[in-house]
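Accompanying notes for the structure given below.
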Amino acid sequence: MPELPEVETITRSLRPALVGRTILAGQLLWKRSLAAPSAGKFQAGIAGQTVQEVTRRAKFIHLRLSASSLIVHLRMSGDLALVPGKPVPGKHDRLLLFLSGDSTLVFSDARKFGRIWLLSDPQELFARLGPEPLADDFTPDRLYRSLQARRRQLKPLLLDQGFLAGLGNIYTDEALHTAGLHPLTSSDAVSPEQAGALWAAIRAVLAEGIRRNGASIDWVYRGGDFQNHFRVYGRTGEPCPECGTAIERLVIGQRGTHVCPQCQPLKEKIR
DNA sequence: CACGAGACCTGTTCGC
DNA sequence: TGCGAACAGGTCTCGT
């Protein structure tokens with residue numbers, strides 16, 4: 001489920017409930033959910049630490065603890081929730097963290113793609129990430145220059161977390177449609193004006209996603225309702241909200257991609 | 001460097 | 001109804 005707005009929504013909901021709590025013990029139910037360190041070091045390292053801060057970087061949830069950092073990536077189907085008491089593990093629960101104040105932080109993940117790290121320095125993970133799209137240092141000019149520096153199709157480039165950190169399949173399709181750019185456009189063919197439109201579209205789409213508490217699709221429900229406001233994502237064959245043309249589905253970089261052929265013309269020839 | 005395919009996983013929906 | 005195929009919000013690694 002999670003792209004930047006969904007992760008931000010979860011982070012905001014957990015923050016007030018988690019800060020100040022102490023982790024008493026952990027119960028790892030699926031070994032591979034733990035990326036680092038080893039299970040033994042994790043159990044020993046986590047116990048007794050208090051949550052100082054809960055923040056988001058790209059699609060990572062960062063719990064800054066007294067002596068280290070607990071970092072969670074939800075990938076496709078992960079979820080992180082605080083529940084009262086000490087629950088019986090559910091079918092998809094992968095890690096339980098028992099907290100002071102008689103509550104439990106539950107990491108569940110049907111598809112088992114999600115990962116958890118306990119690190120002394122979060123930069124181990126964050127150093128490779130591109131700019132945060134909602135931060136002040138992400139400017140239209142910076143986007144234009146970084147697009148010019150590459151020669152890649154826009155869609156895969158925007159999904160590249162080292163280029164820009166936080167967009168996923170939904171918000172990329174939505175942003176490209178809002179900006180009127182075809183996902184196969186070569187990044188170095190984007191004009192300064194188009195880059196400015198893309199910059200504004202990325203920020204607008206992410207801000208709307210956050211405002212609507214993210215999108216909730218399928219069985220993963222968190223109360224967000226952005227899924228009811230998609231312009232193109234998952235709307236193959238339905239009319240474009242701008243011009244009424246039927247939305248098409250393409251596969252680009254092995255990801256389902258939704259475009260309005262009228263609003264997002266592909267001008268250049270594809271080599 | 002850019003790109004496509006395959007892996008990692010389970011669950012739901014689609015098509016015949 | 002049944003059953004396999006296709007598909008799903010992400011990312012890594014390998015080969016060309």
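By convention in this document, chain letters (A, B, ...) are assigned in the order of the sequence lines, proteins followed by strands, and residues within each chain are numbered from 1.
In terms of phosphate contacts, A:Arg255 brings a side-chain nitrogen or oxygen within less than 4.0 Å of OP1 or OP2 of C:dG9. Phosphate proximity of B:dC3 to A:Arg152: present, with a side-chain N or O under 4.0 Å from OP1 or OP2. For the OP1/OP2 pair of C:dT11 and a distance below 4.0 Å, the side-chain nitrogens and oxygens of A:Gln161 include at least one atom meeting the criterion. The phosphate of C:dG10 (OP1 or OP2) has no side-chain N or O of A:His73 nearer than 4.0 angstrom. When the side-chain nitrogen and oxygen atoms of A:His92 are compared with OP1 and OP2 of B:dC9, none of them lie within a distance under 4.0 Å. At the phosphate of B:dG11, OP1 or OP2 sits under 4.0 Å from a side-chain N or O atom of A:Lys91.
Among the atoms of the strands shown, only primed sugar atoms or phosphate atoms (P, OP1, OP2) are found under 4.0 Å from some heavy atom of A:Tyr233. Counting any heavy atom pair closer than 4.0 Å across all strands shown, A:Arg115 reaches no nucleic acid atom. At the heavy-atom level, A:Arg249 lies under 4.0 Å from the strands shown only through sugar-phosphate atoms.
Shown here are the salt bridge (charged side-chain N to carboxylate O under 4.0 Å, His left out) partners of A:Arg12, two or more places apart in sequence or in another chain: A:Glu8.
Electrostatic pairing of A:Lys155 and A:Asp173 counts as a salt bridge here, judged by a charged N lying under 4.0 Å from a carboxylate O. A salt bridge does not link A:Asp109 to A:Arg75: none of the charged nitrogens lies less than 4.0 Å from a carboxylate oxygen.
Between A:Thr11 and A:Leu80, the closest side-chain pair of non-hydrogen atoms is not below 4.5 Å.
The side chain of A:Ala110 approaches B:dG11 more closely than any other nucleotide in the set C:dG10, B:dG11, C:dC12. Which of B:dC9, B:dG4, C:dA8 sits closest to the side chain of A:Lys112 comes down to B:dC9.
When each of A:Gln254 and A:Arg150 is assigned the nucleotide of DNA chain B bearing its nearest heavy atom, the one mapping closer to the 5' terminus is A:Arg150.
Rounded to an integer number of Å, the gap from CG of A:Leu157 to P of B:dC1 is 13 Å. The separation between A:Asn169 atom CG and C:dC7 atom P is 13 Å, rounded to whole Å. The separation between A:Met76 atom CE and B:dC8 atom C1' is 11 Å, rounded to whole Å. In this structure, CG of A:Asp160 is placed 10 Å from C1' of C:dT11, rounded to the nearest angstrom. What separates CG of A:Leu159 from C1' of B:dA2 is a distance of 15 Å, to the nearest Å. Rounding to whole angstrom units, CD of residue A:Gln153 and C1' of B:dA2 are separated by 9 Å. Between the CD1 atom of A:Ile10 and the C1' atom of C:dG9 there is a distance of 11 Å, given to the nearest Å. At whole-Å resolution of the value, CZ in A:Arg128 and P in C:dT11 are 10 Å apart.
In this pair, A:Phe113 does not lay its aromatic ring on the base of C:dT11; centres under 5.5 Å and planes under 30 degrees do not both hold.
Residues A:Thr139 and A:Asp141 have side chains that never bring a donor and an acceptor to within less than 3.5 angstrom of each other. Side chains of A:Ser120 and A:Ser68: a donor-acceptor N/O pair is absent below 3.5 angstrom, by distance only.
Between A:Tyr171 and A:Phe226, the ring-plane angle classifies as parallel under the 30° and 60° cut-offs.
Look at the P atom in both B:dG11 and C:dT1: the space between them is 22 Å, to the nearest Å. The same atom, C1', is picked in B:dC3 and in C:dG9; the two are 23 Å apart, to the nearest Å.
Heavy-atom minimum distance, A:Gln227 versus A:Ser216: OE1-N, 2.8 Å.
In secondary-structure terms, DNA chain C builds stems of at least 3 consecutive Watson-Crick or G-U pairs, each pair having both distances under 3.5 Å, at B:2-8 with C:10-16, B:10-16 with C:2-8.
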